[in-house]
Every structure is written in structure tokens, then in C-alpha cells.
Undergrad: 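Submitted below is the structure of interest, expressed as C-alpha cells.
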Amino acid sequence: MSEERSLNFIEEIVEEDIRNGKHAGRVLTRFPPEPNGYLHIGHAKSICLNFGLAHRYNGQTNLRFDDTNPTKEETEYVDSIKADIKWLGFEWANELYASDYFDIIYAFALTLIREGLAYVDDSTPEEIAIQKGTPTEPGTGNQYRNRSIEENVRLFEEMKDGKYPDGAKVLRAKLDLASPNMHMRDPIMYRIKHAHHHRTGDKWCIYPMYDFAHGQSDAIEEITHSICTLEFIPHRALYDWFIEQLEIFPSKQYEFARLNLNYTVMSKRKLLQLVEEGHVEDWDDPRMPTISGLRRRGYTPASIREFCERIGVAKRENMIDVSLLEFCIREDLNKTAWRRMAVLDPIKMVITDYPEGQTEALYSENNPEAEGGDGGRDLHFSNELWIEREDFMEEPPKKFFRLGVGLMVRLKSAYIVKCHNFVKDANGNVTEIHCTHIPESKSGNDTSGIHVKGTIHWVSVPHAKTAEVRLYDRLFQVEDPSNEDNDFKEYLNPNSLHIIPKAYIESDFANAETGKGYQFMRKGYFTLDKHSTPDHLIFNRTVTLKDGWVKK
RNA sequence: UGCCUGAUAGUAUAAUGGUAGUACGACGGUUUUUGGUACCGUUUGUCUAGGUUCGAAUCCUGGUCGGGCAACCA
């Protein structure tokens, strides 16, 4: 455990609270998603923060679904959210729902009405908006603001009893219509929605707003540190006001800057659009920044946790470079992924001095980074091999450490070969490369004394299996699609998915396992797609290898 | 032109009045049967103008720039 990292500002707050004996040193955080979409990498930051904080200070974290708007929420989302959090490696103390507190919150509302701190307003949304004023002009009241407590109680009960249609009335806090903080200008606490709720069914036709549910839920659970993103800063005054008036547990809200990643979008609304308009396959399309998309792409929980650790937590707006995310998954997979050979853009190599029909098994370790290579497997060698088209050049430049007439390379775990000539078709495309091999250079007991700069991967033609390979690139062509002049979808990268229908892969892939990351040597990290079958293997490229070769 | 926030290398993040540091990126080198990895090195920074102080990224004042706020969304 190297805990030398300095504390982020929230950890400092927590440590000070503990030092001061606040809540007897107890730490209880919560992760409060609205079940109206799938979790994305931005949520991962929040999850790591909340669960990480609890873990660090011997506390706990509740999973609470903020399900106060029945028209947008579905059980499907609840299930996916739970699965994603578990997959990331976190365990919540309690699975809770804001909707579990509807009775209590209703009682809270009644309490405020009886104290003259809330009233029923019959105005239309448009009227209310106008009456709220603008940031530079104070709001104005209306006649409903002066209703008697008795009338407010009666009307609110009638709202609950379904006497009024949607939008006919709302319950508002009687606060300060001239407040410089717009959220304090008599905020709406309850609205009428005759809608079926995914958990409470048709029991309610009035639902509390975020501002009259979130802090209340925090207080009910006795959350010590309620951590949310920066855009809730203006809500904090209201959060505190309700808690004060209700004299309930004094949870405190703290805000940090949400994660922004370049070349993607992070809002649920935009992600939903990409799914619904078919720009991507689904929420778990490997190009999506969703947790499920990253999982399908081949990201590991550890790599995402590491990423969240590295980006830090602060109040400053940020734009994180995807290269950091890529660094994290490469770092993880480099240590664990088995190396395999796959030829994505094949060209045939004929070894003219190797007997036709002869076959030879050559051992190759699974992972040179691991102790003992993490085991190994046999590669099958023959006189005809598939190699990568880009590993041969008719007119190689000076620093090209691969094949060209007269050049030598090592075939990984096999022999050094020398290229003598090549064959072209009528269109001028190279179709075959002819080489001879150096028998004394056999991998493992090389007595040839020959030193070559380049080593390339290969797959024996008669032994090769095939697979579909999907190469992914960034979803958008610009760093911040949401911040451009045009609609964000106009910046979609048309080449974000490149499908190779038939790549050649080594025969050991007959045992390929779902959920495991493989390194296709010199090509990148890949993982089996969820639609892959033994008869039709499909690999997703998680990320390329870092490419240090500068092409001229 | 109201209120709330924030500003440290390209990107993030530390330094809590006392040597501006770390990571990623970029660039260069060593090693290498992956142009990968590992290792070593280089590069670039306190938004601005004043003030307080022996000493300011840090405290104070003015300015500049960024983000948020006027949903019966969360």
C-alpha cells in the first residue's frame, strides 16, 4: 500500500471532520444515480470517489436510486447500474430508493406547510417562470402565496388524492422571491404526475422534486458527506434550508468537478440520442464511454479504477485526454494479457527452402512480462505463412526494420528469414513474398550468430484459424463535440468502426476465453465480443499498442 | 449587466506564507526475439496589475478569462 499520494480536498474535509469528532468519526457516503440511463466513465469517477472515501475512512456507501421522476425511469436501468458497480469492484452497504421515502417526504412537506413555509400554487409553468424574475431582477409573488395554512393543507392532500390533473398545481416553498440565487425563489417541491412508477406503481400521483428529495433522503440515511458535481452548488443553500427547517439530520453537500473526456460526449441525454438514432449499436457499443461499453471494448475494472485515481478530484473544470485512459488499460493488460499472433491484413510468405508439407511445433511463452512467461503454447510452422502486408515494402526506406528484397527479419519464436523476391498480380499488387530461412537461427537455440533488427508476427497458412476483427477509433473527430457550433452529431467520426471480416489467427485461439484480454503481438489488445461464437470468433480491439515507429 | 464558482507546463494534479513537485503526453537515449514493455534523460508552468511580508502559487485589492444559475429534469 503506497498511500503517499496527497489528499484531495474532499479527503481533507473528511479528515478534519474526523479529527473534530463530527458524527463520532462516522463516514457514510452515497452514490445516487437516477435510473434513467446507463452509467458512464464520469459516474465511475463518482463511484470511485464515494466508495473510495468510505473504504479509506472505515465507512460505508449506500447505493441510492434517485427515482423521483417516474416518466424517465426504468427497472432495466436499475439492473444495469447495479451490475456496473459490482463489475467495477465495489459493494454498497444498502440498496435504497428515494421512492422508499415518499411517505416520509410527504410528511415533511406537510410539516413545512403547517409552519407556513410552503404553499400550493395554481399557476402554469409559464407563469411561474415569469414570476421568478431573472438573475438581475427580483421575482414577484402571486395571490396563491397568501393562501391560509388550512387551505394549503387541504389542497396538498387533494393533490395527493388525485383530484387534479397533471400540471394543475404545485407545492412551493415560501422562501425568498428576491434571492440572488434563483433556486431560492420559491422552488417547487412537489408536482402532479399521474404516471406509473417503476417501484411504487400507481400509489402516488404527486412526486417530490430533486431539491425536496435528495437532501431529505441523505438526512434519512444519515449520510455524513453528500458528494455531487459542481452544477449543484446553487442548490446547496436550498439543501441546507430544508434540512434546517425540518430539523433533520444535518447531512452536508460537497461538490467536485465532473469528468470530461475529450473526443466523446458524457451526458446521458446525448448518449441516449446516439443509441436511439442508431449512431452506435447500443448503450454497450464498444465506442461508447459507458461502463458497459468500456467493458465490451476490453477495459478492465482495475484499469478504470486506476484512471479515476490518476485524474484526481478537484473543483476546477477539466478535460481529460483519452490517452490517459489508454495508458491505464495498456499498463494493466501488458502485465496480464497473453500474447498471440494474428495477421489482420495478410499477404503470403513462401519459404522456398522449407520442405512443402513439413510441419514443426515451436514453443512460445504467453507473456514475457510474467514470471516464467505465464506458460506457453506451441505455434505451428510450415513453408507458407501469412504475414502483415505492411511488414513488406518494395522500396524500403533506410530505417525500415522489416522485409524488402535482400532484407532479413526474425519470425517471432521461429527462424530468421531473408527475402529474395516477390510476386505481383496484373494490377501491380504484391501477392507473395519469397524467402529462405536460416535453420541455425531457430528460436531458443540460435547458433547462427546473425543479428536482425526486426521481428515480425506470422501465422502458418495451413494451421490458421479465422476471425472477424473490429477496430475502433474515437467516436468524434473533435475534442469537445458538445462545445462546437453545430449539433454534436455532426462531428461523429465516420471511421470510428473498421471491420476486418477475415483475419488469420493462430490455432491456439480455439481456446479463446470471453472476458480475457489478449495482445495481438505488435497490433494491440483485443478481447472477444459478446456476439462471438466458437464458429465465428469476433474480436474487439481495446486499444492499439503504443507505436514508436515514425513513418516517413 | 446580478449571484455563485474557478484559474499552477500540452493535459491533469500537488506544494496549506519558506527550494514550484508528480503523472500522462511529446522529444532523445539504453535494453529488447513485440518499432511493445522496462530503464535513463530532456522539454514546457503559478491568468494579470498592484499591495502586505525578510519571503507570496498561497494572504489583500482591482482587472481579465473560463464554468454554472431563470426545468412541474436530476
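Throughout, a chain's letter reflects where its sequence line sits, starting with A, and its residues are numbered from 1.
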Undergrad: Please name the residue in the list A/F156, A/F108, A/F102, A/Y164 that meets the ring-ring contact (aromatic ring centres under 6.0 Å, His included) test with A/Y190.
TA: A/F156
Undergrad: Is there a Watson-Crick or G-U wobble partner for B/U44 with both distances under 3.5 Å, and which nucleotide is it?
TA: none
Undergrad: Atom NZ of A/K315 to atom P of B/U8: distance rounded to whole Å?
TA: 16 Å
Undergrad: Can a donor-acceptor pair be found between the side chains of A/N318 and A/N260 at a distance below 3.5 Å?
TA: no
Undergrad: Can you tell me how far P of B/C4 sits from CG of A/L238, to the nearest Å?
TA: 16 Å
Undergrad: Specify the separation, in whole Å, of atom CG of A/N260 and atom C1' of B/U11.
TA: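 To the nearest whole Å, that distance equals 13 Å.
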Undergrad: Roughly how many Å apart are B/U53 and B/C40, using the C1' atom of each and rounding to a whole number?
TA: 42 Å
Undergrad: When the P atoms of B/G21 and B/G45 are considered, how many whole Å apart are they?
TA: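 That atom pair is separated by 12 Å.
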Undergrad: Would you indicate, yes or no, if B/C73 has its OP1 or OP2 atom less than 4.0 angstrom from a side-chain nitrogen or oxygen of A/R191?
TA: yes
Undergrad: Taking only the side-chain nitrogens and oxygens of A/R316, find out if one of them lies under 4.0 Å from OP1 or OP2 of B/U5.
TA: no
Undergrad: A/Y254 has an atom OH; how far is it from atom P of B/U5, in whole Å?
TA: 15 Å
Undergrad: Sugar-phosphate means primed atoms, P, OP1 and OP2; the rest is base. With that split, encode nucleotides 27-40 of chain B 5' to 3' as B, S or - using protein heavy atoms under 4.0 Å.
TA: ------BBBBB---
Undergrad: When we call it a touch if two heavy atoms are under 4.0 Å apart, what does A/T68 touch: a base, just sugar-phosphate, or nothing?
TA: sugar-phosphate
Undergrad: Any chance NZ of A/K163 has more than 12 other-residue heavy atoms, nucleotides or ligands included, within less than 6.0 Å?
TA: no
Undergrad: Have a look at A/F232 and say if it touches a base, only the backbone sugar-phosphate, or nothing, with a 4.0 Å heavy-atom cut-off.
TA: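 Base contact.
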Undergrad: Mind calculating the distance between CZ (A/R185) and P (B/C3) to the nearest angstrom?
TA: 12 Å
Undergrad: Using heavy atoms to find the nearest nucleotide of RNA chain B for A/H183 and A/P135 separately, return the residue whose nucleotide is more 5′.
TA: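 Counting from the 5' end, the first nearest nucleotide belongs to A/P135.
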Undergrad: Reckon A/T134 has a side-chain N or O less than 4.0 Å from the OP1 or OP2 of B/G2?
TA: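 It does not, given that no N or O in the side chain of A/T134 lies less than 4.0 Å from OP1 or OP2 of B/G2.
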Undergrad: Suppose you measure atom C1' in B/U42 against the same atom in B/G67; what distance do you get, rounded to whole Å?
TA: 35 Å
Undergrad: Determine, for A/D218 against A/R64, whether the closest basic-nitrogen to carboxylate-oxygen distance falls under 4.0 angstrom.
TA: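 Salt bridge: yes.
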Undergrad: If I pick the P atom on B/C4 and the same atom on B/G41, what distance separates them, to the nearest angstrom?
TA: 48 Å
Undergrad: If the C1' atom of B/A15 is compared with that of B/A74, how far apart are they to the nearest Å?
TA: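 Straight-line distance between the two C1' atoms is 37 Å.
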Undergrad: Check the orientation of A/Y415 and A/Y354. Use parallel for under 30°, tilted for 30 to 60°, and perpendicular for over 60°.
TA: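 Taking A/Y354 first and then A/Y415, their aromatic rings sit tilted (interplane angle of 30° to 60°).
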Undergrad: Between B/U32 and B/C24, how many Å separate the two C1' atoms, rounded to a whole number?
TA: 24 Å
Undergrad: Can you tell me the base-pairing partner of B/U53? Count Watson-Crick or G-U wobble geometry only, both distances below 3.5 Å, and say none if there is no partner.
TA: none
Undergrad: Please check if the number of heavy atoms outside A/K418 that lie under 6.0 Å from its NZ is greater than 12.
TA: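 No, not enclosed.
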Undergrad: Counting only side-chain heavy atoms from C-beta out, which of B/G67, B/A74, B/U13 sits nearest to A/E317?
TA: B/G67
Undergrad: Which one, B/A12, B/A70, B/A74, comes nearest to the side chain of A/K132?
TA: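 Looking only at heavy atoms from C-beta outward on A/K132, the closest nucleotide is B/A70.
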Undergrad: Taking pairing as Watson-Crick or G-U wobble with both contacts under 3.5 Å, can you name the mate of B/C73, or confirm there isn't one?
TA: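 With both distances under 3.5 Å required, B/C73 matches none.
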Undergrad: Quick one: sort the A/F242 and A/F212 rings into parallel, tilted or perpendicular, breaks at 30° and 60°.
TA: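 A/F242 vs A/F212 ring planes: perpendicular.
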Undergrad: Pick the P atom in B/C59 and in B/G6, then give their distance to the nearest Å.
TA: 11 Å
Undergrad: Using purine N1 to pyrimidine N3 plus N6-O4 or O6-N4 for Watson-Crick, or N1-O2 and O6-N3 for G-U wobble, each under 3.5 Å, what pairs with B/A12?
TA: B/U22
Undergrad: C1' atom, B/G35 versus B/A23: distance in rounded Å?
TA: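 To the nearest whole Å, 24 Å.
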Undergrad: Taking NZ, NE, NH1 and NH2 as the nitrogens, is one of them in A/D166 or A/K193 under 4.0 Å from a carboxylate oxygen of the other?
TA: no
Undergrad: Let's go through A/R402 and A/E388 carefully: what are the C-alpha distance in whole Å and the side-chain angles of both, what is the deciding distance for salt bridge (charged side-chain N to carboxylate O under 4.0 Å, His left out) to 0.1 Å, and is it a yes or a no?
TA: CA-CA 10 Å; A/R402 310 180 200 177; A/E388 213 68 61; over 6 Å; no
Undergrad: Look through every strand shown and name the nucleotide pairing with B/G35 as Watson-Crick or G-U wobble, where both distances are under 3.5 Å.
TA: none
Undergrad: Separation of A/L324 atom CG from B/C24 atom P, in whole Å?
TA: 9 Å
Undergrad: Nearest heavy atom decides the nucleotide; on that basis, is A/K72 or A/S323 closer to the 5' end of RNA chain B?
TA: A/S323
Undergrad: Under 4.0 Å, counting only non-hydrogen atoms across every strand here, what does A/T229 touch: a base, just sugar-phosphate, or nothing?
TA: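 Contact class for A/T229: none.
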Undergrad: Sort out the partner of B/G6 for me: Watson-Crick or G-U wobble, both distances under 3.5 Å, none otherwise.
TA: B/C65
Undergrad: Can you spot which of A/R377, A/R340, A/R339 makes a salt bridge (Lys or Arg N to Asp or Glu O under 4.0 Å) with A/D508?
TA: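 With A/D508 as partner, A/R377, A/R340, A/R339 yield a single salt bridge (Lys or Arg N to Asp or Glu O under 4.0 Å), made by A/R340.
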Undergrad: What integer distance in Å separates A/N262:CG from B/U11:P?
TA: 11 Å
Undergrad: Rounded to whole angstroms, how far apart are CG on A/D166 and P on B/C72?
TA: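 In whole Å, B/C72 P and A/D166 CG are 14 Å from each other.
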